[in-house]
Amino acid sequence: MTDKLLIAVCLGCIGALAGYAVCVRMKRRAEYFEDLDGFLRSYFQSLSFSMDTLPEVMGEYRARSALLAGQLSECSRAIRAGTKPSPPAGWLKGDEKSAVMGVLGDLGTRSSSAEKNAVENARVKLGEYGKRAADKYAGTGRAAVKLGFLAGLLAAVLLW
């Protein structure tokens, strides 16, 4: 009896941990796109006021997302070396990956006014991905832990 109870508790915990992992991934995606928008906003302001170089802006921006920090670091390194940046895609999906890689790869290749327009267009385009990620996290992210726990308990009942 105690063995079965222990198995039920363990399966419930494993299910909750799996749900938590899903929740954390959804939250990370939402934070990434929010952070990316913050960087693009910072770059736009730099174009409008201080006219810092792109590698300077990338170096000064403190990204909360580890993926964005790696992408900005790689882009900054490639620009300084005079090569085309190829930032890491990480866990981005196909269409998100191509949009983000296109935006980050093309930054700093236009005149100041054209660059401002491109950054604003990129913020709108990537903002849609961010909104979808934030909505998905708000709608199902937190429930994933509870559903995982319930799935673990259901598995325990079925094995009983």
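The shown structure was predicted, so the numbers you read here are calculated from the model rather than taken from an experiment.
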Practice item. Group every Ile, Leu, Val, Met, Phe, Trp and Tyr by side-chain heavy-atom contacts under 4.5 Å, then state whether Val100 and Met26 land in the same group. Key: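 No, it is not one cluster - the side chains of Val100 and Met26 are not joined through contacts under 4.5 Å.
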**Study point:** Hphob cluster co-occupancy, Leu126 + Val57, side-chain heavy atoms under 4.5 angstrom
**Key:**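 The answer is yes; both residues are in one hydrophobic cluster.
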Are [X] and [Y] side-chain neighbours, meaning at least one heavy-atom pair lies under 4.5 Å?
X	Y	value
Leu92	Phe33	yes
Tyr32	Arg64	no
Cys23	Tyr137	yes
Leu36	Tyr129	no

[atom2] on [Y] to [atom1] on [X], rounded to 0.5 Å:
X	Y	atom1	atom2	result
Glu56	Arg80	CD	CZ	7.5 Å
Arg29	Glu96	CZ	CD	4.0 Å
Phe39	Ser46	CZ	OG	9.0 Å
Asp37	Phe44	CG	CZ	12.0 Å
Leu104	Leu68	CG	CG	7.0 Å
Arg77	Leu72	CZ	CG	13.5 Å

Check your understanding: Any salt bridge between Lys131 and Glu128, counting N to O under 4.0 Å?
Key ->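 The answer is no: the pair does not qualify as a salt bridge.
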**Study point:** Pair Arg28 + Glu31, salt bridge at N-O below 4.0 Å
**Key:**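 No, no charged N to carboxylate O under 4.0 Å.
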Practice item. Please check if atom NZ in Lys116 has more than 12 non-hydrogen atoms from other residues, nucleotides or ligands closer than 6.0 Å. Key: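 Enclosed.
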Check your understanding: Are Val103 and Val119 close enough, and set up right, to give a side-chain contact (heavy atoms from CB on, under 4.5 Å), and what steps lead you there?
Key -> CA-CA 8 Å; Val103 168; Val119 169; over 6 Å; no
Review point. What residue among Ser76, Pro87, Pro85, Ser65 forms side chain to side chain contact (heavy atoms under 4.5 Å, CB included) with Gln71?
Key: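 Going through the options one by one, the only one that passes is Pro87.
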Check your understanding: What are the two closest non-hydrogen atoms of Ser112 and Leu47, and how far apart are they?
Key ->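 Answer, listing the atom of Ser112 first, then Leu47: OG-O, 4.0 Å.
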**Study point:** Least distance between heavy atoms, Leu67 atom then Pro88 atom
**Key:**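 What the structure gives for the nearest pair is CD1-O, 3.9 Å.
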Exercise for review: Tell me, with the steps shown, if Lys84 and Asp106 meet side-chain contact (heavy atoms from CB on, under 4.5 Å).
Suggested key: CA-CA 9 Å; Lys84 181 143 177 75; Asp106 290 339; 3.8 Å; yes
**Study point:** Tyr43/Glu115 under side-chain contact (heavy atoms from CB on, under 4.5 Å): CA gap, chis, key distance, verdict
**Key:** CA-CA 10 Å; Tyr43 180 52; Glu115 191 76 8; 3.1 Å; yes
